[in-house]
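Note that the numbering runs from 1 along the sequence shown for the chain.
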Amino acid sequence: MEGFDFEKLGRDIIRTTRRGIGIPICLDIALTKVLAKAANKLAKTDDARRGLYIIDTEEKRVEALKKLPIGDVWGIGRRHEKRLTAMGVRTAYDFSVLPLE
């Protein structure tokens, strides 16, 4: 879907939902379910994104993972968070570059 205008699509969906139903929403667009969940979390907290967070390039993936605390990663529970934090893993990016053992 190279060259597709995800920004326009996302803004249209947000605007249509607000007009049609009358509720504000946050929208995420990403290549995987886990990245979409990360994008949604960031869409809700990053005021500059105005409710839309798109991860469609490697640079945007790395940027998003660096902003996401390890405890906010889908599937990481409190016990795993403590263990990972003790290992120096603070963000989803740190986790993504851990060596496979």
Side-chain angles (χ1 to χ4, degrees):
M1 297 189 59
E2 218 171 288
F4 188 80
D5 191 352
F6 290 111
E7 180 78 23
K8 181 181 179 333
L9 174 65
R11 293 285 165 217
D12 288 347
I13 291 170
I14 291 170
R15 185 176 37 261
T16 302
T17 302
R18 178 169 243 156
R19 284 183 187 161
I21 301 173
I23 60 170
I25 64 167
C26 289
L27 183 69
D28 56 88
I29 300 173
L31 296 173
T32 68
K33 185 176 182 176
V34 173
L35 286 177
K37 285 184 170 289
N40 189 266
K41 177 81 171 173
L42 294 169
K44 292 175 183 176
T45 59
D46 190 339
D47 292 336
R49 303 289 181 155
R50 298 183 358 249
L52 176 64
Y53 207 101
I54 301 167
I55 302 175
D56 60 349
T57 65
E58 179 62 15
E59 293 80 21
K60 290 179 184 178
R61 182 188 74 83
V62 169
E63 173 191 347
L65 294 179
K66 285 183 177 181
K67 290 181 179 181
L68 191 67
I70 191 63
D72 289 346
V73 174
W74 179 53
I76 301 287
R78 287 189 190 113
R79 285 189 2 217
H80 288 304
E81 178 184 5
K82 285 181 184 179
R83 191 173 79 215
L84 289 167
T85 302
M87 294 170 51
V89 176
R90 304 277 187 261
T91 66
Y93 178 77
D94 296 338
F95 183 74
S96 74
V97 296
L98 284 175
L100 297 174
E101 294 181 17

For Val89, the hydrophobic cluster (side chain heavy atoms closer than 4.5 Å, chained through members) also holds Leu68, Ile70, Val73, Ile76, Leu84, Met87, Phe95, Leu98

Applying side-chain contact (heavy atoms from CB on, under 4.5 Å) to Glu58 and not counting sequence neighbours gives Arg61, Val62

Applying salt bridge (Lys or Arg N to Asp or Glu O under 4.0 Å) to Arg18 and not counting sequence neighbours gives none

Residues passing the side-chain hydrogen bond (donor to acceptor under 3.5 Å, both in side chains) test with Lys60, sequence neighbours excluded, are Asp56

Residues Thr91 and Lys66: closest non-hydrogen pair is CG2-O, 3.4 Å

Discussion item. Same cluster or not: Leu42 versus Phe6, using hydrophobic residues (I, L, V, M, F, W, Y) connected whenever any side-chain heavy atoms lie under 4.5 Å apart?
Written reply: no

Checklist line | Leu9 vs Asp5, side chain to side chain contact (heavy atoms under 4.5 Å, CB included): CA-CA, chis, key distance, verdict | finding: CA-CA 6 Å; Leu9 174 65; Asp5 191 352; over 6 Å; no

So salt bridge (Lys or Arg N to Asp or Glu O under 4.0 Å) across residues 73-96, not counting sequence neighbours, yields none

Heavy-atom nearest pair, Arg11 first then Arg50, reads NH1-O, 2.8 Å

List the atom pairs, donor and acceptor, that lie under 3.5 Å between side-chain atoms in residues 19-34 and the rest of the protein, sequence neighbours left out.
unit_1: Asp28; atom_1: OD2; unit_2: Asn40; atom_2: ND2; d: 2.9
unit_1: Thr32; atom_1: OG1; unit_2: Leu35; atom_2: N; d: 3.1

Salt bridge (Lys or Arg N to Asp or Glu O under 4.0 Å) filter on Lys67, not counting sequence neighbours, yields Asp46, Glu63

